[in-house]
Amino acid sequence: MVQPKIRNIVFDVGNVIVRWQPLEIIRLTFVESEDHEQLAKAIFQSQTWVNLNKGLISETEAKTQYQQTLGLSEWECEQLFYYVKQTQRPIVGSIELIQHIKSAGYSVYALTDNVHEIVSYLKSTYSFWPLFDGAIVSAEVGMLKPQPEIYHLLLNKYELIASETVFIDDMLYN
């Protein structure tokens, strides 16, 4: 049996191209807090964060919900989302890897669970987004990994053949 040739490389963004460190974000935002891990879970594993990642609510609406549900102050919410963006720095060598893969003739795509405002920040701050031949962002399509539909959407939208496509993600279950 002949193995299909790989033609497409699909990258997740968080912890593959840029750093995504929820615990660091919480430590920077809530310096005085005793339980950073619990607070990170309460924020980043909440239904509010899921809804933000699915594009069902905006960053502004998420801030309001965190104030109501977790008792965070307006200032704490502003700081939280400031550090959510500011800590997302390119992982050393990741952008060069994408450039190398493209120059070798592969098509390059992004498939990311991500928020409208974060994607806008990444696009305006770093130069890697235009390297993608296409991208599927959870907030734009209302789905999250590992829902099979989000992978099918990527394949169908860009007419990719699954057996010719490799997906690089930091989470094994994806």
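Annotation: salt bridge (Lys or Arg N to Asp or Glu O under 4.0 Å) contacts of Glu78 (sequence neighbours excluded): Lys63. Taking the salt bridge (Lys or Arg N to Asp or Glu O under 4.0 Å) definition, one finds that Glu24 meets it with Arg19, sequence neighbours left out. Glu61 pairs by the salt bridge (Lys or Arg N to Asp or Glu O under 4.0 Å) definition with nothing, not counting sequence neighbours.
Using modelled atom types, one side-chain atom of Asn15 and one backbone atom of Trp20 make a donor-acceptor pair closer than 3.5 Å. One N or O on the side chain of Asn53 and one on the backbone of Asn114 form a donor-acceptor pair closer than 3.5 Å. In this structure, the side chain of Ser94 engages the main chain of Ile91 through a donor-acceptor pair within 3.5 Å. Not a single donor-acceptor pair under 3.5 Å links the side chain of Glu164 to the backbone N or O of Arg7. In this structure, the side chain of Gln38 does not engage the main chain of Asp35 through any donor-acceptor pair within 3.5 Å. Side-chain atoms of His116 do not come within 3.5 Å of backbone N or O of Gly55 as any donor-acceptor pair. Although no hydrogens or angles enter the test, the distance criterion places no donor-acceptor pair under 3.5 Å between the side chain of Lys145 and the main chain of Thr112.
Note: the hydrophobic cluster containing Val18 does not contain Leu111 (ILVMFWY, side chain heavy atoms under 4.5 Å, direct or indirect links).
Gln65 and Thr48 form a side-chain donor-acceptor contact under 3.5 Å, judged by distance and modelled atom types alone.
Within 6.0 Å of atom CG in Leu70, more than 12 heavy atoms from other residues, nucleotides or ligands are found, so the atom counts as buried in its surroundings. Counting heavy-atom neighbours within 6.0 Å of Glu74 CD, excluding the residue itself, gives a total of 12 or less. Around the CD atom of Glu37, the shell of radius 6.0 Å holds no more than 12 heavy atoms that belong to other residues, nucleotides or ligands.
Using a 4.0 Å cut-off between a side-chain N of Lys or Arg and a carboxylate O of Asp or Glu, Lys54 and Glu140 do not qualify as a salt bridge.
Contact record, Ile161 with Leu155: C-CD2, 4.4 Å, taken as the closest heavy-atom pair. Taking both residues in full, the closest heavy atoms of Val10 and Ala110 are given as CG1-C, 4.2 Å, listed atom of the first, atom of the second, then distance. Contact between Phe11 and Ile9 at its shortest, heavy atoms only, is CE1-CG2, 3.6 Å. Among all heavy-atom pairs drawn from Tyr151 and Asn174, the shortest one is OH-O, 3.0 Å. Between Ile43 and Tyr66, the shortest heavy-atom distance links the atoms O-OH, 2.7 Å. Minimum interatomic distance between Phe167 and Asp12 (heavy atoms only, all atoms of both residues): CE1-N, 3.9 Å.
No side-chain heavy atom of Ile6 sits under 4.5 Å from any side-chain heavy atom of Thr165. Side-chain contact between His36 and Ser33: present, with at least one pair of heavy atoms (C-beta onward) separated by less than 4.5 Å. Proximity of Val84 to Tyr121: side-chain heavy atoms (C-beta onward) are nowhere separated by under 4.5 Å.
The structure places CG of Leu153 at 4.0 Å from CD1 of Ile136, a figure rounded to the nearest 0.5 Å. Between the CD1 atom of Ile101 and the OH atom of Tyr106 there is a distance of 8.5 Å, given to the nearest 0.5 Å. Taking CD of Gln147 as the reference point, atom OG of Ser138 lies at 9.5 Å (rounded to 0.5 Å). Considering CG of Leu39 and CD1 of Ile26, their distance stands at 4.5 Å, rounded to 0.5 Å.
In this structure, the ring of Tyr158 has its center less than 6.0 angstrom from the ring center of Tyr109. The distance between the ring centers of Tyr82 and Trp75 does not fall below 6.0 angstrom. No close placement of the Tyr126 and Trp129 rings is indicated, their centers lying 6.0 Å or farther apart.
Taking the six-membered ring where tryptophan is involved, the planes of Trp49 and Phe44 are perpendicular, since the angle between them exceeds 60° and thus also 30°.
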Please step through side chain to side chain contact (heavy atoms under 4.5 Å, CB included) for the pair Val108 and Lys102, ending with a clear verdict.
-> CA-CA 7 Å; Val108 178; Lys102 283 199 65 84; 3.4 Å; yes

